[in-house]
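Worksheet for the structure shown next.
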Amino acid sequence: MEYRHTQVSRRPVVVVVALLILAAVLTMESLGPVLLIGSLVAIPMLFVFTRLTVVVGAEEVSAAFGRGWPRRAIRHAEIVSVASVRNTWWHGWGIRYISGGSMYNVAGLDAVELVLESGKKFRIGTDQPDELRSAINVRLGIG
């Protein structure tokens with residue numbers, strides 16, 4: 001049975017601020033075109049990085065933002081260990097490079113850390129760390 005969980009960041013303030021910035025940009029004359037193009041790129045990115053779906057399937061663990069992109073999939077055979085961890089506030093949200101690897105996160109400080117055969121780490125931010133860790137361990141035959 002597949003484990004699937006989608007976490008949605010509830011950051012309406014960020015979206016409102018972005019829309020206010022866009023409105024301000026549209027009223028500027030000299031920098032208007034440059035800032036408008038930047039806003040047209042930045043605002044959709046805010047929506048992409050507010051949803052993270054994690055799927056623990058028969059062969060792999062995958063984490064995908066938005067409607068499925070960007071996505072990272074890790075085969076079960078590559079996973080050496082799984083642990084629930086707590087990020088610090090400076091780890092932030094989105095796609096992040098952390099000490100020894102990378103992280104996908106949309107909100108909060110809880111995560112599940114996968115240590116891979118290569119020695120690299122991949123952290124998946126989640127509001128259900130124990131459930132995700134258990135689901136991965138079941139697929140790996142650990143628990």
### Message
Nearest 0.5 angstrom please: Gln7 CD to Thr50 OG1, how far?
### Response
11.0 Å

### Non-hydrogen atoms of Leu52 and Ala63 that approach each other most closely
CD1-CB, 4.1 Å

### Message
Hydrophobic clustering (ILVMFWY, side-chain heavy atoms < 4.5 Å, transitive) - are Val55 and Met103 grouped together?
### Response
no

#### Entry: Partners passing salt bridge (charged side-chain N to carboxylate O under 4.0 Å, His left out) against Arg86 (at least two apart in sequence or in another chain)
Asp110

### Summary
The side chain to side chain contact (heavy atoms under 4.5 Å, CB included) partners of Val115 (sequence neighbours excluded) come to Ser81, Glu113, Lys121

### Message
To the closest 0.5 Å, what do you measure between CD (Glu2) and CZ (Arg139)?
### Response
7.5 Å

### Heavy-atom closest pair, residues Ser84 and Pro129
OG-O, 3.6 Å

### Message
Tell me whether the count of non-hydrogen atoms from other residues, nucleotides or ligands lying under 6.0 Å of CZ in Arg51 goes above 12.
### Response
no

#### Entry: Atom pair CD1/CD1 of Ile79 and Ile136 - distance to nearest 0.5 Å
6.0 Å

### Query
Taking side chain as C-beta onward, heavy atoms only, is Val48 less than 4.5 Å from Pro70?
yes

#### Entry: Check against side chain to side chain contact (heavy atoms under 4.5 Å, CB included), Val61 and Ile124
CA-CA 10 Å; Val61 176; Ile124 303 169; 3.9 Å; yes

### Message
Distance check, rounded to the nearest 0.5 Å: Glu78 atom CD versus Lys120 atom NZ?
### Response
12.5 Å

### Query
Distance-only, no hydrogens or angles: does the His76 side chain make a donor-acceptor pair with backbone N or O of Val56 under 3.5 Å?
no

### Query
Can you say whether the rings of Phe65 and Tyr104 are parallel (under 30°), tilted (30 to 60°) or perpendicular (over 60°)?
tilted

### Summary
Distance col, row Thr88:OG1 vs Leu109:CG, nearest 0.5 angstrom, shows 8.0 Å

### Task
Applying side chain to side chain contact (heavy atoms under 4.5 Å, CB included), run through Asn105 and Arg123 and close with a yes or a no.
CA-CA 8 Å; Asn105 192 18; Arg123 285 189 181 182; over 6 Å; no

### Message
Walk me through whether Thr126 and Val54 qualify under side chain to side chain contact (heavy atoms under 4.5 Å, CB included).
### Response
CA-CA 9 Å; Thr126 179; Val54 179; 5.7 Å; no

### Task
Test Glu60 against Arg71 for salt bridge (charged side-chain N to carboxylate O under 4.0 Å, His left out), laying out the working first.
CA-CA 12 Å; Glu60 66 185 19; Arg71 178 180 182 269; 2.8 Å; yes

### Task
Please assess His5 against Leu132 for the test side chain to side chain contact (heavy atoms under 4.5 Å, CB included), listing each intermediate value before the final yes or no.
CA-CA 8 Å; His5 176 66; Leu132 177 56; over 6 Å; no

### Joint cluster assignment, Val80 & Leu116, ILVMFWY side-chain distance < 4.5 Å
no

#### Entry: Approximate separation, where rounding is to 0.5 Å, of His91 NE2 and Ile98 CD1
5.5 Å

